[in-house]
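For reference, the structure discussed in these notes is given below.
What you see is a predicted model; the values in this text were computed from it and never measured. Protein chains get the first letters and strands the later ones, always in sequence-line order, with residue 1 at the start of each.
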There are 2 protein chains.
Amino acid sequence: MVAALSLIDRDGLNGFSMRALADALGVYPTAIYWHVEDKNALLAEVVAHALRDSVPRPGPADWRLWLKEFFRRYRAAVQRHPNVAPLIGAQLVSNAGVGPATIELILSVLSTAGFRDDHLVHAYNAVIAVQVGFVTLEMAPTPADNLEAWTVHMKASLRGVDPGQYPMLAENLSRMENRAFIVRWQNGTEVPLDDSFELFIDIAVRGLEQRLVTP
Amino acid sequence: MVAALSLIDRDGLNGFSMRALADALGVYPTAIYWHVEDKNALLAEVVAHALRDSVPRPGPADWRLWLKEFFRRYRAAVQRHPNVAPLIGAQLVSNAGVGPATIELILSVLSTAGFRDDHLVHAYNAVIAVQVGFVTLEMAPTPADNLEAWTVHMKASLRGVDPGQYPMLAENLSRMENRAFIVRWQNGTEVPLDDSFELFIDIAVRGLEQRLVTP
DNA sequence: ACCTGAACACCGTTCAAGT
DNA sequence: ACCTGAACACCGTTCAAGT
């Protein structure tokens, strides 16, 4: 449902409800249930729709470049609809988001790279985890309600870091604050972690590569 | 709150509510609000409590082994309380789960490995993504309500895979079904993906290693 | 085929009042 | 200090009834 997606884009997952959707459509809440099984099914459709343009193209030839491109395209798709990110990363229903065509592509790319049998399956699982893991974390929603209290508390606890107790953290604080997981008060919508993402996917493909030369 | 955690362990996140917790404690729902700010704060405490025994020890000397041990210990902690996994992976509040001591340890380990300045921060972000990403996906909850309908539908759509259209998928179906992301109907609680996890963390540390020899 | 309308069994959270 | 009790503004979902 496209109306549901734009509502979620605007108000977030917490602000979304069947009744809010009904309101937006100018209809009784119960009318929705003629078109869709239930809320879960609707959200699955929303995820699928949000990711529909992230399906990768067959090329390029080099599997390393293909994988990186695949990861970047997925991230770009989620960046367009960041509020659905929790559904993909943390709900098994999100399976609907990735179709068999994408799975087939990943398998064939990993196969040409040299992965076989059980190793192929494990490499596939690693690829999916890489694809979803970073971005889910990056786009994790902030506590919607008392936002200013949250950021104030976050900043204050960082200022209060004891250099004696946590020397590395204190030394790198200016580089880390609001640019590193856990040590931030805004998410990837407001502060994208582009460079960290690039390092992350580079590490992943180089690790896979190493696995092929010395298993 | 320990009572909240055991309730979540038993009934899952969807089955949990302030009112259910109040019932379990033999108290009025509103009484809880004297002890805790609100539901979000309570869940943050629950996460922190669930992960309290996953804080890593300082050793061993080799940063590769330390990282792997760190990843394994985190996974073991989540396996003990799989129902809180969505909170960690997909909510920024989960920050409460990892303390400054753990951050300090990761930074010092990556520093001795050879990462400096911005690279240190990016490597740190990659480590957190690796730590949380796979496990969050692995433990993602199944659609609680109509479970049998879901598995039947899942299995059926796999049986119906066209070998002409999806040759790789069809060929590796027996190896993949219920053992690979997206192509499964049970989560990590029922079917742990041990070998894939080991490959995943091996890929990560080897990728980091490669990054040090040729940046 | 598609929507209304009432109804049921829930939620999180407030605030005054009790002890 | 800690809990009760009533109240408010919400939820998802059902089912019969309308058109």
Side-chain angles (χ1 to χ4, degrees), chain A residues 1-49 83-84 86-87 90-94 96 141-150 153, chain B residues 1-49 83-84 86-87 90-94 96 141-150 153:
Chain A
M1 204 66 100
V2 58
L5 180 54
S6 40
L7 246 185
I8 291 173
D9 283 340
R10 187 159 60 81
D11 302 333
L13 264 182
N14 286 345
F16 175 80
S17 71
M18 293 285 116
R19 295 176 114 108
L21 176 58
D23 263 20
L25 294 171
V27 97
Y28 269 67
T30 52
I32 300 171
Y33 288 84
W34 196 92
H35 299 277
V36 79
E37 175 80 26
D38 71 3
K39 194 186 183 186
N40 252 314
L42 194 159
L43 290 179
E45 284 180 38
V46 165
V47 169
H49 191 260
N83 292 342
V84 308
L87 293 176
Q91 296 266 110
L92 213 56
V93 198
S94 67
T142 44
D145 31 355
N146 46 4
L147 221 159
E148 68 291 354
W150 154 263
H153 168 266
Chain B
M1 204 68 100
V2 57
L5 180 54
S6 42
L7 247 184
I8 292 173
D9 284 340
R10 186 157 60 80
D11 302 334
L13 265 181
N14 287 345
F16 175 80
S17 70
M18 292 289 115
R19 296 176 113 106
L21 175 59
D23 264 21
L25 294 172
V27 98
Y28 268 66
T30 54
I32 300 171
Y33 288 83
W34 197 91
H35 300 276
V36 82
E37 174 80 30
D38 70 2
K39 193 186 183 186
N40 252 314
L42 193 159
L43 291 178
E45 285 180 37
V46 165
V47 168
H49 191 259
N83 292 341
V84 307
L87 293 176
Q91 296 267 110
L92 213 56
V93 199
S94 68
T142 43
D145 34 352
N146 46 5
L147 221 158
E148 68 293 352
W150 154 264
H153 167 268

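Two residues are said to be in side-chain contact when any heavy atoms from C-beta on lie closer than 4.5 Å; Pro29(A) and Arg19(A) meet this criterion.
If you take CZ of Phe16(A) and P of dC11(C), they are 20 Å apart, rounded to a whole angstrom. Atom-to-atom, CE of Met18(A) to C1' of dC3(C) comes out at 17 Å; the value is rounded to the nearest Å. Spacing between atom CG of Asn40(B) and atom C1' of dT13(C) amounts to 13 Å, rounded to whole angstrom units. Rounding to whole angstrom units, NZ of residue Lys39(A) and P of dT14(D) are separated by 14 Å. Protein atom CG of Leu42(B) is 15 Å distant from nucleotide atom P of dC11(C), rounded to whole Å. Summarising the geometry, the separation between CG on Asn14(B) and P on dG12(D) is reported as 12 Å, rounded to the nearest angstrom. One interatomic measurement links the two molecules: NE2 of His35(B) to C1' of dT13(C), which rounds to 16 Å at whole-angstrom precision. Rounded to whole Å, atom P of dC15(D) lies 13 Å from atom OH of Tyr33(A).
In the interface, the side chain of Ser17(A) is not paired with the base of dG12(D) through any donor and acceptor atom under 3.5 Å apart.
Residue Phe16(A) is tested with Asp11(A), Asn83(A), Leu21(A) for a side chain to side chain contact (heavy atoms under 4.5 Å, CB included); the sole match is Leu21(A).
Residue Trp34(B) is the one, among Trp34(B) and Tyr28(B), whose nearest nucleotide of DNA chain D lies closer to the 5' end (criterion: closest heavy atom). Mapping Arg19(A) and Pro29(A) onto DNA chain C by nearest heavy atom places Pro29(A) closer to the 5' end of the strand.
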Q: Apply side-chain contact (heavy atoms from CB on, under 4.5 Å) to Glu45(B) and Val36(B), showing your working.
A: CA-CA 10 Å; Glu45(B) 285 180 37; Val36(B) 82; 3.7 Å; yes
(Q) For Ile8(B) and Leu13(B): C-alpha separation, side-chain torsions, deciding distance, then whether side-chain contact (heavy atoms from CB on, under 4.5 Å) applies. (A) CA-CA 6 Å; Ile8(B) 292 173; Leu13(B) 265 181; 4.1 Å; yes
Q: Take Leu7(A) and Arg10(A), measure what side-chain contact (heavy atoms from CB on, under 4.5 Å) needs, and give me the verdict at the end.
A: CA-CA 5 Å; Leu7(A) 246 185; Arg10(A) 187 159 60 81; 3.5 Å; yes
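Here the CG atom belonging to Leu5(B) is positioned 10.5 Å from the CG atom belonging to Leu43(B), to the nearest 0.5 angstrom.
The two residues Met1(B) and Val46(B) have their closest heavy-atom pair at O-CG2, 4.1 Å.
Comparing the C1' positions of dA9(D) and dC10(C) gives a spacing of 13 Å, expressed to the nearest Å.
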Q.
Dot-bracket, 5' to 3', for DNA chain C please: Watson-Crick or G-U pairs under 3.5 Å, [ ] where pairs cross earlier ones, | where the partner sits on another strand, dots elsewhere.
A. ||.|||||...|||||.||
